[in-house]
Amino acid sequence: MALFRKNTGTCSICGRPIGSRKEPAHSLRDGVLCTGCCRAAGLRSSLLLPGMSLSAARQKIAENDDNRDRYASFRPTRILAGRVYIDDEKRLWYDKDPATDAATPPPIYSFDDVAGCTIHADTSSTTIEKNEDEQKLYADAAGCSLSVITRILFAILSWFAIPFVLLIGLFAEAFRRERMHKSKAASLGKPGPFVPVIGETYDTVYYLAARVSLKDGATVYIPVLTRQIISESPELQPYSNQAVEIANTFRLLSHTGPGGPELYRPHDFPFTWAPVCELRQP
């Protein structure tokens, strides 16, 4: 077997002996690589190697070396949404995904690489059903789950008298209806928490991201929301503001023509456009 044979050759890039159990050979279309050069080229999967040429592997290693040098000299002057780092002095930026390996430098881009930016939102509609899963899903939007509080009161007061328990139940129902009316007031911009009503259908947002278009045709998605939230809920506002901040920043960075670019209005969902001069007014 190949795992137990002795060295059979050398790496086509660094010249290291390969082919042994400790240093296996990774075959390319027109060469072989050692494990170190595979990592330097960012090739984690051996399934991609047979279709890659030696020149493409050399180019990937050179690009990654350049990216590491950029990352080492990167000094952030701004941080957007806790994940987009910007170095205004060197005109560089990167998106640090919290789910990625902290030891691996993220791709570093130049301001000149950006062609534009828009906001991408995936939406759906959801009907609130009377079950524990739905109540748990929207507990954050409501501030607390009234049904849980009601059940606790019923458990305590049932020790005393059933009529008294029924009276408290009627009071809880009246309180729920009052909160429902306050939620309608909140949707109109008036004070009051948002409380989803069981049986009603709401528009929801389950993915919200800034979509950065690069001049080489690639696209970088910067997600700020990856869970389901009712679009009418005030809980969506911080995420939409983050998306607007990121998108408007990149639209200003990539704009080269006369005047100013169209920017997204803050505190607005669905998102609409506004002239840059309007948004810059105090």
Looking at every heavy atom in both [X] and [Y], which two are closest together, and how far apart are they?
X      : Y      : answer
Ser53  : Arg29  : CB-NH2, 3.1 Å
Ala243 : Val224 : CB-CG2, 4.1 Å
Arg68  : Pro105 : CG-CG, 3.8 Å
Asn67  : Pro106 : ND2-O, 3.0 Å
Leu28  : Ala57  : CD1-CB, 4.1 Å
Cys117 : Arg251 : O-NH1, 2.8 Å

Mind checking salt bridge (charged side-chain N to carboxylate O under 4.0 Å, His left out) for [X] and listing every partner two or more places apart, or none if nothing turns up?
X      : answer
Asp113 : none
Arg16  : Glu23
Asp112 : Arg91

Rounded to the nearest 0.5 Å, how far does [atom2] of [Y] lie from [atom1] of [X]?
X      : Y      : atom1 : atom2 : answer
Ile230 : Thr126 : CD1   : OG1   : 7.5 Å
Gln59  : Asn64  : CD    : CG    : 10.5 Å
Ile61  : Cys38  : CD1   : SG    : 8.0 Å
Leu236 : Leu225 : CG    : CG    : 6.5 Å
Ser240 : Ile229 : OG    : CD1   : 9.5 Å
Arg78  : Asp87  : CZ    : CG    : 10.0 Å

For a side-chain contact (heavy atoms from CB on, under 4.5 Å) check, start with the C-alpha distance between Tyr239 and Val205, then their side-chain angles and the critical distance, and finish with the verdict.
CA-CA 10 Å; Tyr239 299 101; Val205 181; over 6 Å; no

4.5 Å side-chain heavy-atom contact, [X] and [Y]:
X      : Y      : answer
Thr201 : Thr127 : yes
Phe74  : Leu92  : yes
Thr249 : Trp93  : no
His26  : Cys11  : no
Tyr109 : Val220 : yes
Leu54  : Ile13  : yes
Asp122 : Ser124 : no
Thr77  : Asp88  : yes

Side-chain cluster (under 4.5 Å, hydrophobic types only) that Tyr206 belongs to, other residues:
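Its cluster mates, by chain and number, are Tyr207, Tyr221.
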
For Asp69, which residues count as a side chain to side chain donor-acceptor pair (under 3.5 Å) partner, sequence neighbours excluded?
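Scan of Asp69 (side chain to side chain donor-acceptor pair (under 3.5 Å), adjacent residues dropped) gives none.
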
Within one Ile-Leu-Val-Met-Phe-Trp-Tyr cluster: Ile108 and Val212, side-chain cutoff 4.5 Å
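Different hydrophobic clusters.
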
Look at the side chain of Tyr264 and the backbone N and O of Ile119, then say whether any donor-acceptor pair between them is shorter than 3.5 Å.
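Pair found, side chain donor or acceptor close to backbone of Ile119.
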
Between the side chain of Ser12 and the main-chain N/O of Gly31, is any donor-acceptor distance below 3.5 Å?
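Judged by distance alone, no pair lies under 3.5 Å.
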
Among Asp95, Asn248, Ile246, find the one that has a side-chain contact (heavy atoms from CB on, under 4.5 Å) with Leu80.
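When side-chain contact (heavy atoms from CB on, under 4.5 Å) is applied between Leu80 and each of Asp95, Asn248, Ile246, only Ile246 qualifies.
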
Hey, is NZ on Lys60 packed in by over 12 heavy atoms from elsewhere, all under 6.0 Å?
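Atom NZ in Lys60 is not packed in, count stays at 12 or less.
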
Taking ring pair (Phe, Tyr, Trp, His ring centres under 6.0 Å) as the definition, give me every residue that meets it alongside Tyr71, ordered by chain and number, with sequence neighbours left out.
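Partners of Tyr71 by the ring pair (Phe, Tyr, Trp, His ring centres under 6.0 Å) criterion, ordered by chain and then number, come out as Tyr94.
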
Residues in ring pair (Phe, Tyr, Trp, His ring centres under 6.0 Å) contact with Phe111, at least two apart in sequence or another chain:
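Ring pair (Phe, Tyr, Trp, His ring centres under 6.0 Å) list for Phe111, sorted by chain: empty.
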
Going by the rule side-chain contact (heavy atoms from CB on, under 4.5 Å), which residues pair with [X] if we only count those two or more places apart in sequence or in a different chain?
X      : value
Ile79  : Tyr85
Ala62  : none
Lys215 : Ala115
Asp66  : Arg70

Does anything in residues 198-210 pair up under salt bridge (Lys or Arg N to Asp or Glu O under 4.0 Å), and if so which pairs, sequence neighbours excluded?
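Listed by first then second residue: nothing to list.
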
